[in-house]
Amino acid sequence: MEIRTRFAPSPTGFLHIGGLRTALYNYVYAKKHAGQFILRIEDTDQKRLVKNASSNLIHALKIFGINFDEGPGFNEIYGPYKQSERLDLYKQHYLELIKNGYAYVCLVKGDELFPILDVKEGLQYLEYDTCVIKLKIPDQGIIKIFDELRGEVEFDLNLIDDPIIIKSDGFPTYHFASVVDDHLMKISHVIRGEEWLSSLPKHILLYKSFNWKPPKFIHLPLLLNPDKSKLSKRQGDVDVESFIKKGYLKETIINFIALLGWHPNNDEEVFDINFLIKNFSINKIQKSGAIFDVKKLNWMNSVYIKKLNIKKFILLFNETYPNHKFDFSNETKLYKIFEFIKNRIKILDEVPDLLSPFYNDFIVKDLEVLDYLKTEEAKLVLQYWYDSISSYENINQEDISELIHNTEKKISLKGKKIFYPLRSALYGSFNGPDLFAIISILGIEETKKRLETYI
């Protein structure tokens, strides 16, 4: 059997982090088994459509290297791949259900629905009046359905109302369109979120009504906030492109969301998409909800940043912040700064604040730091270093250690009473990099200039 999976988002906004995980799992499962990954746009809810959302969804997937084998405007073997362009196909199939007694027409009058159980009469109303179509659910009985992740799941048909499968505007609901499309597009595995598990009996009954063999179903665990509530846009930023804008690497995001409900055999946590394709398996997906832990995301991003070579790191910063005002003309200084920065950040958003102290428009802004620099003790340290450092053309770590030792001897100050004034005048903060890192990046002349400013 050829493996064919699909990702079928609704173009009603941005790509949610949960949607990206669903797309990723479908993609890697298909690639692992040399199968096909299909993108289908489910745009039947016309009232909720957002302009350009379809193209934005496709763009977002491509950013993360999730490329489809068939989709809108690309290799449309079983197309079209937008549901709004498949209405004639749906009509053929819902008429078949009505004629075979598996569905019936309901006349719409105001807020009420009036079932028309006679087939011929129903079809006549359907031609001229405002109607919806409902699927007939058996009045009683238990339906047993196998989920590849959860095993056999039972549903009491007595508790399920007849669902609308065609709306009054002529567009199908998710239940009907997804079943028809999955069958016609030869989807072998439906990998989707747990929220669709309760809809499964309706879908299986549709397959039975058409006498079609259903695909295999895998319902993924929910994504949860740390307080175990469902992850949603109301409780935080879950737009995947916003994570890129904040300075998370796309490799980090793929790695992180892969672990939201799945883990490899060796419990390795940092890996690329090729590792994921090779090692992905359904039986390693957990059933319980997966916590979206921002702290772990930050840690993982810092690991990926540390792996970057300096040229790639600088390029990435320039791409993320194309309008920055820093003068990167001094390449030697630039490389030193980024070498220093890359081991100290979690996201690229932190880079501008770390860059600022090293450039010529530097001023001390912290009022507490400014007040400290006005003390006689601080001035003594700054003056001694200004006088001493003037004799150096270049400076190394040994020179700095000797200067610290000499400061202790000459003006009887130790520890933070030496470091605080120097960091404050050179970097704008009591805390920060070691003195050698600061001075080697600034150079002797800029160091002298800053010391002189605050003496």
Note to self: Evaluate Y454 against S424 for side-chain contact (heavy atoms from CB on, under 4.5 Å), listing each step before the verdict.
What the structure shows: CA-CA 9 Å; Y454 292 103; S424 297; over 6 Å; no
Note to self: Apply side-chain contact (heavy atoms from CB on, under 4.5 Å) to residues S229 and L224 and explain how you reach the verdict.
What the structure shows: CA-CA 5 Å; S229 60; L224 305 175; over 6 Å; no
Next item on the list: Show the numbers, then the answer: is there a ring pair (Phe, Tyr, Trp, His ring centres under 6.0 Å) between F419 and F430?
Entry: CA-CA 8 Å; F419 302 131; F430 294 140; over 10 Å; no
Next item on the list: Could you check K82 against E42 for salt bridge (Lys or Arg N to Asp or Glu O under 4.0 Å), going step by step and ending with a plain yes or no?
Entry: CA-CA 6 Å; K82 285 188 176 181; E42 300 198 338; over 6 Å; no
Notebook entry, point to check: Checking side-chain contact (heavy atoms from CB on, under 4.5 Å) for the pair F37/R6: CA distance, chi angles, key distance, verdict?
Noted result: CA-CA 6 Å; F37 172 64; R6 50 78 164 173; 5.9 Å; no
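Cation-pi geometry between K333 and Y359 is met: under 6.0 angstrom from the ring centre, within 45 degrees of the axis. In this structure, K307 forms a cation-pi arrangement with Y304, its terminal cationic atom sitting closer than 6.0 Å to the ring centre and no more than 45° off the ring axis. Seen from the ring of F243, K246 counts as a face-on cation partner, given the 6.0 Å and 45° thresholds.
When all heavy atoms are compared, the tightest approach of F271 to N255 is N-OD1, 2.8 Å. H189 and I3 get closest at one heavy-atom pair: CE1-CD1, 3.3 Å. The minimum heavy-atom distance linking L249 with N301 is given by the pair N-OD1, 2.9 Å. Closest approach of Q83 to D43, counting heavy atoms only: N-OD1, 3.3 Å. Nearest heavy-atom pair across F68 and F74 is O-CE2, 3.5 Å. Here the shortest heavy-atom pairing between P221 and S288 reads CB-O, 3.0 Å.
For H183 and F210, the distance between ring centers is not under 6.0 angstrom. Here the two rings, on Y25 and W262, have centers that are 6.0 Å apart or farther.
Under a cut-off of 6.0 angstrom, the local environment of CD in E368 is sparse, with at most 12 non-hydrogen atoms contributed by other residues, nucleotides or ligands. Residue K134 qualifies as enclosed at atom NZ: its count of foreign heavy atoms under 6.0 Å is above 12. Remark: N283 CG is packed, more than 12 non-hydrogen atoms of other residues, nucleotides or ligands lying under 6.0 Å away.
Y81 and N75 form no side-chain donor-acceptor contact under 3.5 Å, judged by distance and modelled atom types alone. For the residue pair Y90 / D181, a side-chain donor-acceptor distance below 3.5 Å is found, with atom types taken as modelled. Using modelled atom types and a 3.5 Å distance limit, the side chains of N298 and Y248 yield a donor-acceptor pair.
Look at D182 and R40 and you find a salt bridge, because one of the NZ, NE, NH1 or NH2 atoms lies within 4.0 Å of a carboxylate O, short of that distance. Checked for salt-bridge contact, K91 and E96 miss the test: no charged N lies under 4.0 Å from a carboxylate O. Under the 4.0 Å criterion applied to side-chain N and carboxylate O atoms, K31 and D69 are assigned as salt-bridge partners. Ionic pairing of E350 and K346 is present here: one or more N-O contacts between side-chain nitrogen and carboxylate oxygen are shorter than 4.0 angstrom. Here R450 pairs with E446 in a salt bridge; the nearest charged N to carboxylate O distance falls below 4.0 Å. In summary, K296 and E269 engage in a salt bridge, as defined by a charged side-chain N under 4.0 Å from a carboxylate O. By the 4.0 Å N-to-carboxylate-O rule, K136 lies too far from D162 to be salt-bridged with it.
Note: F317 and F328 have tilted aromatic rings, judged against thresholds of 30 and 60 degrees for the angle between ring planes.
Using a 4.5 Å cut-off on side-chain heavy atoms (C-beta onward), Y29 and I282 make contact.
Counting only distance, with no hydrogens or angles, the side chain of K167 and the backbone of T44 share a donor-acceptor pair below 3.5 Å.
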